[in-house]
Structure formats: C-alpha cells, structure tokens
Amino acid sequence: MPACVPTHTADPNRPERAHPPHSPPPGPPPDRPRRPRVAGADVSAAIAVFLIALPLSLGIALATGAPLQAGLVAAAVGGVVAGRIGGCPLQVSGPAAGLTVVTADLIQQYGWRTTCAITVLAGLAQIGLGCLRVARGALAVSPAIVHGMLAGIGITIAVAQVHIVLGGTPQSSVPDNLRALPSQLANVDPAAVAVSVLTLTLLLLWPKLPGRAGQLLRMVPAALVAVAGATVTAAAAGLVLAEVDLPSWRSHALAGLPEGPVLGLVAAVLTTTLVCSVQSLLGAVAVDKLVSRRPGPSHVPRSDLDRELLGQGTANIASGCLGGLPVAGVAVRSSANVRAGAVSRNSTMLHGVLVVLAALLMVPVLEFIPLASLAALVMAVGIQMVSLHHIRTVTRHREALVYAATAVAVVFAGVLEGVALGIAVAVGVALHRLTHTRITHEVKEGVHHVHVRGQLTFLAVPRLSRALHLVPQGATGVVALDGSFMDHAAYEALQDWQNTHTARGGSVEITGRRPGTGVRIAEPAALTSPPMTDGTGEAGVPSGTGCRCRPWTAWRNHQCEPPLFAPDDARSGHGTRDSGATGDTSEAGGGQGGHSGRSARPGPGNGPPGTGTGAGTGSVSNTDSVPGAVSGPASPAGSVSSAGAPEASRTGADLVRGLSAFQRSTAPLVRGELARLAREGQRPAQLFLTCADSRLVTSMITSSGPGDLFVVRNVGNLVPPPGEESGDDSVAAALEYAVEVLAVRSITVCGHSGCGAMQALLDPRPGGTPGARTPLERWLRHGLPSLRRVRDGGGPGVRLAGRAPADTAEQLCLANVVQQLEHLRAHESVARALKDGLLTLHGLYFHVGEAQAYLLTEATGERVFDRVRAEDLVL
C-alpha cells in the first residue's frame with residue numbers, strides 16, 4: 001500500500017473534533033481532575049520566607065500598637081491574595097516596616113477599627129489607580145525622596161523600639177521618645193536588655209558563620225534564629241519578661257465604619273495608599289532585577305505593575321476587612337524568596353498558607369516569645385532602612401539635600417508631610433540646576449578656554465556671549481561643555497560665534513562629556529576627503545549631530561558618520577565589512593578561531609569558519625590590514641580587500657577618526673590624571689595576563705583606568721614554564737618586571753570563550769610535523785598541558801557554577817586558566833613573592849557572548865568559576 005494512502009476510511013457519521021486543529025489538546029476527563037503542580041523549589045522557598053515572615057509580622061504589629069494577630073492576618077492575606085492576583089510573581093507582600101509609622105499614627109488618632117476601615121479604603125484607591133494604569137507614573141518619584149522616606153521611617157522605628165528594648169513603653173512621636181529617653185535609661189530592665197542584646201548578637205553574627213558547617217547553618221534565617229535563641233534562653237534562665245499575648249481569635253476586632261473628620265480621613269487614606277503603592281512598585285522593580293541576575297535561564301515573567309497595584313489593593317481590602325495591618329511588598333521577604341530559588345507565585349501563596357496554619361496551631365509556642373526580642377528585631381530592621389549605600393548614591397548624584405529634607409520631615413512631621421517636602425525640595429533643586437550655570441574664561445599657553453558648567457539655557461546666553469567675545473580674533477578657542485542639556489537659543493549663540501570666529505582665521509574646539517550635543521566639531525582634513533555631508537547640507541564638515549556612540553563602540557558599529565570610500569551599496573553603513581572580516585562574536589563553529597576553508601593553518605582569529613580572516617588574535621591573511629599602518633586618502637589603489645574596496649585605507653581612516661575623537665572628547669577629561677601619572681610613574685597593583693583577542697577589552701571588563709593594570713597579552717593567555725626553550729622570554733620578563741620592580745600585589749590570568757588558540761589545540765593542522773612547525777604552532781605547545789588536563793582528566797575538576805561547559809572548547813578554556821596559574825607558581829620571582837605573602841593569584845574567565853565574568857574559587861576539592869554579580873560589589 002502506498003505510504004500516502006490513508007489506512008482507514010472516513011466515517012461520515014463520526015462527530016467533528018471538539019477543538020480546532022491547532023488548539024491545545026483537551027483537558028483530562030471529568031473523572032480525573034487535573035492536580036495542581038507545585039515545584040520543589042517553590043516549597044523550599046515558601047518555608048524559608050515563612051520562617052522570616054513569622055517573627056517580623058509579630059514585631060511590626062508590636063511596633064504599631066495593633067493587636068498582634070493583625071500582623072499574622074496581614075502576612076497570610078499578603079501571601080495568598082496579593083500572591084495570587086499581583087503582577088510580580090515572586091514579590092512577597094505582608095506587613096511592611098515602611099508602614100509602621102503611618103499605621104501607628106492612625107491607631108493612636110482614630111483607633112484600631114477605623115484604621116482597618118482606612119486600610120480598606122486605601123485598597124479601593126489602589127484598585128482605582130491600577131484601573132487607570134498609572135503605576136509607571138509612581139516610578140517618576142525621585143529615588144532620593146523614596147530612600148529619604150524609608151530612612152525617616154527607619155529612624156522613627158528604631159527610636160521607638162529602644163524604649164521596649166530597655167524595658168519601657170514608647171511614646172507617640174520621635175521628639176517625645178527622645179525627651180523620655182534619659183528617664184528610661186535611669187530605669188533599665190536588665191532582663192529585657194539582656195534578651196535584646198542576645199537577639200541583636202545572633203542577628204548580626206549568624207550570617208557570618210564560617211566554614212562548611214556555617215554554610216549549612218546559614219540556610220536557617222537569622223531572624224528566626226535570633227528570636228528563637230532569645231526565647232529559649234529567657235525560658236531556661238527563668239527571666240520575668242513581658243511576652244507575646246495572642247488573645248482568642250473569637251475576640252479579634254474587625255473593621256468598623258470610619259469615624260473622624262473627613263479631611264483627616266482623606267489624608268490618612270492618601271498617605272496609606274501612597275506608601276503602600278510606592279513601596280510595592282519599587283519592590284516589584286527590584287525583584288525583576290534580582291531574578292535577572294540569577295544564573296541560568298529564567299522563565300519568570302517580568303512584573304506587570306498595573307496588575308501589581310490591583311493585587312495590592314485587593315489584599316488591603318481583604319486584610320482591612322479581616323482586621324489586619326496594611327499590606328505592601330516587603331523587600332526582605334521578596335529577596336529571600338528569589339534567593340531561595342522560587343520559580344512561580346506558588347511559593348508566595350504557600351508561605352501565606354503556612355502563616356495561617358501557624359496562626360491557628362502554634363499560638364501556645366508563639367506566646368513564649370519575649371516582647372523585648374521582637375522589639376530588638378524590629379529596631380534592627382529600622383536601622384537597616386537607613387542605608388549607607390543609598391546615602392552614597394544620592395550624594396554622588398548631588399541629591400543629598402532632597403534625601404536629608406525628606407528624612408528629617410518624616411521623622412518630625414509625618415510621612416505625607418515628609419514626601420511633600422521632599423518633592424518640593426527636588427523641584428527646587430532641579431530648577432536651580434537648570435538656571436544656575438557657571439561660565440569661566442581663562443588663557444593657558446595662548447589658548448583661550450571657555451568652560452561652561454551646568455545646563456546651557458537661554459538664561460545663560462548673555463553670560464556665554466560675554467565669555468566668548470573675550471577670545472580675540474584669530475586665536476585658538478576651546479569651549480568645554482560640562483552639562484547634559486542645551487536649548488535652541490544657546491545652540492544658535494554658540495554656532496554663530498563659531499562660524500564668525502573661524503571665518504576670521506581663528507580655530508575652535510568644542511568638547512563635552514558626551515558627544516553629539518548638536519554642535520558642529522571640526523575634524524582633521526584627512527577625514528574630510530572625499531567630501532561628504534553631515535546631514536545638514538554642508539560638505540566636508542563631519543558633524544557630531546545625533547551621534548549616540550560611546551567610547552567603547554566598535555569602529556564598524558559607529559553610526560554618527562557616513563563611511564569613507566563607499567563605492568557601492570555593499571559598503572553602505574559605517575564600517576560594514578565583507579563576510580571575511582565581520583569579526584562576528586557568535587561562537588557557533590569555533591567562535592574566535594577555527595579552520596579556514598581556504599587555509600590549512602589553524603588561526604586564532606575571530607572570523608567565522610570558512611573565511612580565513614579575523615580581527616582578533618594573531619590571524620593574518622592576504623586580506624588583513626594593520627591598523628598601525630595608517631594610509632592617507634591617497635593610498636595606493638592596489639591596497640584593496642577581497643570585496644574590491646581599499647581596506648587598508650579605510651582601516652587607517654578608522655584609526656585616525658578614533659584618535660581624533662579621543663583628542664576631542666576624552667583627552668580633556670583625562671589629561672590631568674595622565675599628567676600626574678607621567679610625573680609619578682606607574683604604580684599598578686595588578687598584573688593582568690590575558691589573550692590578545694580583539695573582543696577582550698581589559699579596561700572595559702575590569703572598569704580600570706590609566707595606571708591600574710600592568711597588562712600582558714598573548715595568543716591564548718599562555719605562561720611558558722621556566723626553562724622551556726620557547727625562543728620567547730617576553731612573558732617571563734614581564735613577570736619579573738611586574739613582581740620585582742613594580743611590586744604588584746596580584747596577578748590575574750584571564751581566559752575567554754571562543755578562544756581560537758584553544759580551538760587550534762583541539763583541531764591541529766592536518767599533516768603537521770614537529771620538525772616543520774610554524775611560529776604559531778611552536779607557541780601553542782605551551783597549551784598542551786591544558787589539553788592533557790582535559791583529555792586525561794588529570795588534577796582537580798574545573799567547572800562553571802550553575803551550568804556545565806558548553807563544549808570541549810569551553811572546558812579547555814577553563815582548564816587552561818588553571819594550568820597557566822600552575823605555570824606561574826613555577827617562576828622564581830612569583831614563587832618567592834607567594835612564599836612571603838606579598839602576592840596573590842587569581843583566575844578569571846570571561847564569556848564574550850554573555851558579557852559575564854567568572855572568578856575562580858576553590859570548592860570541595862574542585863575548582864569552580866563562579867559568576868561576578870552586582871551584589872558582590874556593594875561595599
């Protein structure tokens with residue numbers, strides 16, 4: 001029977017399919033309902049978050065003066081309701097420390113039942129905002145205001161909890177608490193102080209437990225350990241202390257009708273809505289960042305901020321109706337949820353279910369917790385809300401005044417008043433920056449320098465004109481723009497003066513922190529031939545208008561100027577190479593290196609297979625050009641690439657254009673630092689040994705500047721062992737000079753993905769013989785120990801954290817870093833410095849396609865390359 005003939009006949013009486021042909025298959029039959037699946041990672045994350053949420057919820061309820069059950073109600077509702085409806089799957093909601101001051105004021109002013117009603121109304125307001133889709137607008141609030149608000153709330157919390165830590169009762173405001181503090185210090189309860197000190201000690205030291213055992217113990221949350229340890233110690237010592245009192249749920253107070261002045265209630269609802277919404281939205285954005293930094297692929301969707309508002313509003317309505325505290329996203333619990341490996345909203349919901357079970361079944365156990373221990377825990381949380389990292393950030397961005405004004409106003413006036421004052425100060429600072437521009441003129445070595453600091457608007461045009469007219473006719477003028485904004489009036493004034501000054505024989509150089517400010521900048525004559533337009537109709541004068549290129553933009557990716565020598569459409573777009581010189585960073589087929597279809601030599605260049613060319617390490621063919629050999633516009637016509645274009649001339653022009661851009665934009669910024677280095681000499685603390693691959697920009701991946709790194713680059717980042725007859729002592733000489741003359745304190749060997757040298761080791765040239773080796777093959781023999789390490793499995797294992805190496809080539813790149821570190825230790829100068837404790841060695845692997853650095857670490861008898869994450873760099 002032919003294969004195309006069906007094996008059965010169509011039945012005309014057969015019913016049609018119940019679902020379209022491209023729809024998902026039908027669900028299980030009615031007698032077999034689908035069971036919900038909960039990933040194991042979600043279960044473990046839910047347990048971890050629950051252990052953190054339980055003591056914190058009780059502590060926050062204690063700090064607000066609400067019934068302690070209200071904290072548990074809010075935690076349960078935040079987990080189940082906000083977790084199910086909210087737009088951020090991994091954000092954990094509940095009673096937040098940022099709401100403590102607001103809620104405490106409401107309880108003192110209106111009572112508990114009215115506070116619950118205000119929570120319900122705030123939830124309705126959040127739902128309204130979510131329906132209006134204004135969630136993104138909340139992120140327009142200056143971070144300095146948000147951080148200042150949280151800092152002010154943290155100070156208020158800490159000052160209030162000090163009284164409970166000392167065995168007393170807090171007052172209603174920060175000034176009252178400060179005035180009552182001397183008398184409280186005269187009547188200290190030693191038992192309460194002892195329990196509080198023990199809680200803070202455990203909270204501080206538990207995350208710092210060393211060793212393998214400490215790593216296992218740190219899996220238990222520090223907050224739980226601190227409260228549990230203090231509780232057990234107080235019970236064992238027989239201390240008489242005020243403890244948690246959880247009344248019967250039958251007497252739990254629910255929401256009532258709001259009572260009080262209308263304007264006061266409206267202000268209370270607005271304040272609660274503002275704090276809950278801003279904290280939840282900022283928390284959702286932070287959770288997205290944490291999820292994106294986790295190793296491996298992530299299937300967690302990005303947050304829907306409008307839906308998050310709807311979820312938070314629904315949770316606040318439910319919490320208020322059930323007699324719970326206001327609900328918002330909590331940073332501590334959310335970060336713990338992400339770090340514990342949660343993959344869906346099931347972890348958040350399951351944590352809420354666990355809180356419900358604890359509230360119903362663990363009441364006798366919870367009533368042993370001393371109030372002083374909970375107060376110490378909340379006080380620590382309040383202190384952490386005054387973040388030194390945030391203070392450094394706002395100071396660096398010149399917003400310290402906004403931060404301080406908001407924090408002080410929150411402490412002494414209230415949250416709503418503090419935020420309003422912070423917004424007013426932020427607007428005032430912005431207006432001051434916009435209108436306050438400093439323009440100076442000075443003469444240095446016959447050159448007239450006009451320096452503009454600040455935003456250049458029409459208000460500064462008269463002062464700018466006065467400064468520019470101080471530059472005599474025919475003189476050389478340099479205008480430095482130290483700002484990010486220039487309006488049309490200032491642009492016209494500067495351009496008119498530039499045209500007039502140059503027409504009368506003078507020269508003008510305009511520099512700034514960012515290229516592309518809309519001001520024409522003269523280029524060297526070599527770059528203006530043949531004539532071209534700059535987009536404004538003027539031939540021969542390239543312009544920086546519209547340039548969005550950065551200092552690290554590759555030549556071939558620059559879009560700010562048309563290409564030189566563009567004979568046909570195939571050369572359209574600046575720096576577009578032919579297929580043999582694209583420098584493609586894709587690692588399919590060998591990445592940086594590999595065999596050429598036209599050449600049998602294994603070249604560690606970075607061209608794709610089959611091209612035989614590359615802009616990377618050591619690959620040379622008849623189409624390559626050397627950037628150092630700069631050819632002018634009159635280059636010989638015979639110097640052409642395989643595509644028929646004058647490749648050498650174009651590459652030389654790229655180099656000259658890059659040098660011109662450096663002199664114009666970067667040199668004025670670094671000239672002072674380079675002058676200091678020229679006077680003092682080089683004093684690097686780090687020797688950085690890496691591959692000569694063109695994609696590996698050492699200063700970019702290490703964020704280093706002039707004078708920081710003593711860099712040695714070669715094919716394959718190899719370190720020949722001492723005594724080898726390699727015919728090349730350059731690496732050994734660099735080691736000796738760096739260690740004994742420069743006295744570097746650290747040496748790093750950096751490998752990278754797609755290394756052509758490693759590919760050449762794996763796939764040697766067919767028919768090669770030891771007696772007829774090329775210089776490249778003789779050099780690569782120093783990588784043979786690395787190859788034997790991979791093939792024979794000698795020495796401890798080498799792997800990447802979080803995933804297996806992509807292929808044998810990547811495994812060889814990792815093993816090569818470890819092998820070259822062993823070669824380093826064999827050199828006499830290095831060994832002597834290591835023995836004296838004057839030197840440390842580091843291994844580094846850089847994945848080009850991921851733009852991710854991996855540091856070599858020792859773990860349980862094997863060497864692991866672990867990711868360098870942003871949180872590892874926070875001081």
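For clarity, every value in this text was computed on a predicted model and none was experimentally measured. Position 1 is the first residue of the sequence, and the numbers go up from there.
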With no hydrogens and no angle check, do the side chains of [X] and [Y] hold a donor and an acceptor under 3.5 Å apart?
X	Y	value
His449	His441	no
Gln126	Thr273	no
Ser303	Asp288	yes

Heavy-atom closest pair, residues [X] and [Y]:
X	Y	result
Ala467	Ile439	CB-CG2, 3.7 Å
Ala144	Val402	CB-CG1, 4.0 Å
Ala135	Leu281	O-CD1, 3.4 Å
Leu674	Pro706	CD2-CB, 3.6 Å
Cys88	Glu308	N-OE1, 2.9 Å
Val425	Ala405	CG2-CB, 3.9 Å

_Atom CZ of Arg713: over 12 foreign heavy atoms under 6.0 Å_ =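 Buried by this count: over 12 neighbours within 6.0 Å.
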
*For Arg133, look at atom CZ and say whether over 12 heavy atoms of other residues, nucleotides or ligands are found less than 6.0 Å away.*
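It does not: Arg133 CZ has 12 such atoms or fewer within range.
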
I want to check something: taking the side chain as every heavy atom from C-beta on, are [X] and [Y] in contact at a cut-off of under 4.5 Å?
X	Y	answer
Leu274	Val278	yes
Arg463	Thr437	yes
Val697	Ser699	yes
Met385	Ile157	yes
His501	Gln473	no
Ile510	Gln498	yes
Cys750	Leu696	yes
Ser280	Leu309	no

*Assess whether side-chain contact (heavy atoms from CB on, under 4.5 Å) is satisfied between Thr440 and Val450, documenting all intermediate values.*
CA-CA 6 Å; Thr440 59; Val450 178; over 6 Å; no

*asked:* Does the plane of the ring in Phe710 sit parallel, tilted or perpendicular to the ring in Tyr737? Use 30° and 60° as the thresholds.
replied: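 Phe710 and Tyr737: tilted rings.
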
*Do His847 and His752 pass the ring pair (Phe, Tyr, Trp, His ring centres under 6.0 Å) test, and can you show the C-alpha distance, the side-chain angles, and the key distance before you say yes or no?*
CA-CA 6 Å; His847 195 288; His752 68 97; over 10 Å; no

Using atom types as modelled and distance alone, determine if a side-chain donor or acceptor of [X] lies under 3.5 Å from a backbone N or O of [Y].
X	Y	answer
Gln686	Thr748	yes
Arg745	Pro684	no
Asp708	Gly705	yes
Trp497	Ser465	no
Arg453	Asp482	no
Gln682	Gly707	no

*Nearest 0.5 Å, what's the OG-CG distance between Ser660 and Leu655?*
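So the gap between those two atoms works out to 11.0 Å.
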
*Nearest 0.5 Å, what's the CG-CG distance between Leu464 and Leu459?*
12.5 Å

*Leu481 and Leu494: CA distance, side-chain angles, deciding distance, side-chain contact (heavy atoms from CB on, under 4.5 Å) verdict*: CA-CA 11 Å; Leu481 303 177; Leu494 187 56; 4.3 Å; yes

*Check the pair Arg433, Leu431 against side-chain contact (heavy atoms from CB on, under 4.5 Å), reporting the backbone distance first and the verdict last.*
CA-CA 5 Å; Arg433 291 177 181 174; Leu431 291 175; over 6 Å; no

*Quick one: which residue pairs count as a side-chain hydrogen bond (donor to acceptor under 3.5 Å, both in side chains) with a foot in residues 394-413, not counting sequence neighbours?*
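Qualifying pairs, neighbours excluded: none.
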
*Please step through side-chain contact (heavy atoms from CB on, under 4.5 Å) for the pair Leu709 and Thr702, ending with a clear verdict.*
CA-CA 9 Å; Leu709 299 181; Thr702 60; 3.5 Å; yes

*Under the salt bridge (charged side-chain N to carboxylate O under 4.0 Å, His left out) rule, what do Lys444 and Glu442 come out as? Steps first, then yes or no, please.*
CA-CA 7 Å; Lys444 293 181 179 179; Glu442 59 180 346; 3.6 Å; yes

